[in-house]
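Heads up, the thing below is written out as structure tokens.
What you see is a predicted model; the values in this text were computed from it and never measured.
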Amino acid sequence: MRYASVESIKTLLIMGSFLVLIVMIPGIGSIAGFIGGLLYIYGLYKWSHAVDGRPFKLAMINFVVSTIGFAVAIGGLTRVNYELGFEFSLFKIIYAFILLLYPFLVVGALLHREVLKCFYRATKVEDFLIAGDLTLYGALLMPLLIGVVISLIARIMEISAYNNMPSKVEVLKERELEINRREFVTFPPVAVIIALVLLHFIVPSYDVKLTQDDVKFLGKIEGDFIDGMIVYDFPCMQNYCIKEVKVDGKTMYSGGTYTFINGKHVVHVTIPKDARHIEVVLDTGEVVSLEIPHS
């Protein structure tokens with residue numbers, strides 16, 4: 001049985017994990033988190049040469065999964081952000097982003113738990129096992145506020161585990177990676193289902209969606225009326241962009257109400273369900289016509 005000195009690696013892992021922990025602090029958080037991530041990966045790289053290569057390999061796989069997850073979440077958010085941006089707060093948009101990222105967070109938590117299991121096998125520090133379980137529980141409960149709290153506790157427990165590592169640990173090179181395939185097959189698909197269900201409830205659906213040039217109409221049928229909004233889908237450089245709105249020749253809006261969301265002029269209107277024609281007059285004098293289809 002061989003042992004390796006890991007005192008300098010231990011310092012890298014503690015510092016990296018701590019800086020990642022403060023990533024949410026405004027101003028310095030993002031920079032600190034980036035530096036912490038680099039220190040942590042470097043610590044795993046040195047650990048791979050001195051003790052065990054599995055944690056570094058798992059971390060690299062996790063990095064790829066996280067990158068794909070952020071790309072998918074950002075792409076998905078562009079599809080729902082338009083509707084969310086005009087009915088919900090910034091908080092709801094962030095929550096939608098978390099839901100889109102949720103399955104990838106679960107996969108990342110499973111991978112990171114395997115990393116911590118590897119550390120436990122080399123150090124026999126049981127806090128690694130506790131931190132790994134909490135990491136997974138936090139990810140699974142991420143759609144709820146308690147998930148964020150549990151994930152924070154998991155990180156603190158992980159830092160404590162690194163701090164409690166002995167200066168010399170057992171060398172575990174040439175060991176094969178052992179993962180719980182059942183969890184990897186079960187948890188991510190369930191996370192996808194949960195994310196889709198919750199997105200269905202928070203992303204509004206419209207009965208009527210019309211687009212012509214830079215003007216959009218989004219409406220929901222409420223009894224004999226359509227409750228909707230007209231959006232000039234281009235940032236306004238002056239007080240207002242929509243000067244007048246007519247429905248079947250009747251004026252429904254003639255300026256004076258400046259509602260701006262995400263820099264775009266929005267006019268809320270309630271029109272008869274059997275209305276046929278919406279005419280939008282812009283401040284430039286351009287007239288945009290929207291025909292309401294009826295089956």
Under the rule for side chain to side chain contact (heavy atoms under 4.5 Å, CB included), what residues qualify as partners of [X], not counting sequence neighbours?
X	answer
Met15	Thr11, Leu39
Asp214	Tyr232
Pro272	Asp274, Ala275

Item to check | Sole candidate of Val208, Thr211, Ile230, Leu210 that passes side-chain contact (heavy atoms from CB on, under 4.5 Å) when paired with Leu290 | outcome: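 Option passing the side-chain contact (heavy atoms from CB on, under 4.5 Å) with Leu290: Leu210.
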Is there a path of hydrophobic side-chain contacts, each under 4.5 Å between heavy atoms of I/L/V/M/F/W/Y residues, joining [Y] to [X]?
X	Y	answer
Ile22	Ile150	no
Leu196	Tyr95	no
Val125	Ile153	no
Val281	Val288	no
Ile94	Leu152	yes

Checklist entry - Are any side-chain N or O atoms of Asp248 and backbone N or O atoms of His277, one a donor and one an acceptor, separated by less than 3.5 Å? => result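 Present.
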Checklist entry - Does any N or O in the side chain of Asn180 come within less than 3.5 Å of the main-chain N or O of Arg182, such that one atom is a donor and the other an acceptor? => result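 It does hold such a pair.
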Item to check | salt bridge (Lys or Arg N to Asp or Glu O under 4.0 Å) pairs, two or more places apart, involving residues 38-52 | outcome: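 Output for this query lists Asp52-Arg54.
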Checklist entry - Taking only residues at least two apart or on different chains, which pairs with a member in residues 135-152 satisfy salt bridge (Lys or Arg N to Asp or Glu O under 4.0 Å)? => result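 Non-adjacent pairs meeting salt bridge (Lys or Arg N to Asp or Glu O under 4.0 Å): zero.
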Provide the closest heavy-atom pair for [X] versus [Y] in the form atom of the first, atom of the second, distance.
X	Y	answer
Glu183	Pro188	O-CD, 3.5 Å
Leu100	Gly76	CD1-C, 3.6 Å
Ala50	Val171	O-CG2, 3.7 Å
Met252	Val247	CG-CG2, 3.4 Å
Ala191	Val106	CB-CG2, 3.8 Å
Asp127	Ala161	CB-CB, 3.6 Å

Checklist entry - In terms of ring plane angle, is the pair His49 and Tyr45 parallel, tilted or perpendicular, where the classes change at 30° and 60°? => result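 Geometry flag for Tyr45 against His49: perpendicular rings.
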Next on the checklist: For Phe128 and Tyr162, take the angle between the two ring planes, folded into 0 to 90°, and tell me which bin it lands in: parallel under 30, tilted 30 to 60, perpendicular over 60.
Outcome noted: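 Rings of Phe128 and Tyr162: perpendicular, over 60°.
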Pairwise side-chain contact, [X] with [Y], heavy-atom cut-off 4.5 Å (strictly under):
X	Y	result
Val245	Phe217	no
Ser289	Gln212	no
Ile242	Val280	yes
Leu13	Met165	yes
Ile292	Arg276	no
Leu19	Tyr40	no
Leu44	Phe119	yes
Val51	Val6	yes

Measure the [atom1]-[atom2] distance between [X] and [Y] for me, rounded to the nearest 0.5 Å.
X	Y	atom1	atom2	value
Leu282	His265	CG	NE2	10.5 Å
Leu110	Phe187	CG	CZ	7.0 Å
Thr251	Glu244	OG1	CD	4.5 Å
Trp47	Ile9	CH2	CD1	6.5 Å
Leu111	Leu58	CG	CG	6.0 Å
Thr270	Lys220	OG1	NZ	12.5 Å

Is it true that atom [atom1] of [X] has more than 12 heavy atoms of other residues, nucleotides or ligands lying nearer than 6.0 Å?
X	atom1	result
Lys117	NZ	yes
Lys173	NZ	yes
Phe18	CZ	no

Checklist entry - Who are the ring pair (Phe, Tyr, Trp, His ring centres under 6.0 Å) partners of Tyr102, not counting sequence neighbours? => result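 Ring pair (Phe, Tyr, Trp, His ring centres under 6.0 Å) check on Tyr102 returns nothing, list empty.
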Please set out all donor-acceptor pairs under 3.5 angstrom arising from side-chain atoms of residues 132-143, sequence neighbours excluded.
{"from": "Asp133", "atom 1": "OD1", "to": "Arg113", "atom 2": "NH1", "distance (Å)": "3.0"}
{"from": "Thr135", "atom 1": "OG1", "to": "Ala131", "atom 2": "O", "distance (Å)": "2.8"}

Would you mind writing out the side-chain donor-acceptor pairs for residues 64-74 within the sub-3.5 Å range, not counting sequence neighbours?
{"from": "Ser66", "atom 1": "OG", "to": "Asn62", "atom 2": "O", "distance (Å)": "2.9"}
{"from": "Thr67", "atom 1": "OG1", "to": "Phe63", "atom 2": "O", "distance (Å)": "2.8"}

Checklist entry - Which residues pass the side-chain hydrogen bond (donor to acceptor under 3.5 Å, both in side chains) test with Glu176, sequence neighbours left out? => result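 Scan of Glu176 (side-chain hydrogen bond (donor to acceptor under 3.5 Å, both in side chains), adjacent residues dropped) gives none.
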Item to check | All side-chain hydrogen bond (donor to acceptor under 3.5 Å, both in side chains) counterparts of Arg155, not counting sequence neighbours | outcome: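 Applying side-chain hydrogen bond (donor to acceptor under 3.5 Å, both in side chains) to Arg155 gives Glu158.
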Checklist entry - What residues form a salt bridge (Lys or Arg N to Asp or Glu O under 4.0 Å) with Glu279, not counting sequence neighbours? => result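 Not a single residue meets the salt bridge (Lys or Arg N to Asp or Glu O under 4.0 Å) criterion with Glu279.
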Checklist entry - Does Leu172 sit in a hydrophobic cluster with other residues, and if so which ones, taking ILVMFWY side chains as linked at heavy-atom separations under 4.5 Å, directly or through other members? => result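 Direct or chained contacts put Leu172 with none.
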Next on the checklist: The test is side-chain contact (heavy atoms from CB on, under 4.5 Å); show your working for Lys124 and Glu170 and say whether it passes.
Outcome noted: CA-CA 9 Å; Lys124 302 301 184 291; Glu170 181 182 354; 3.7 Å; yes
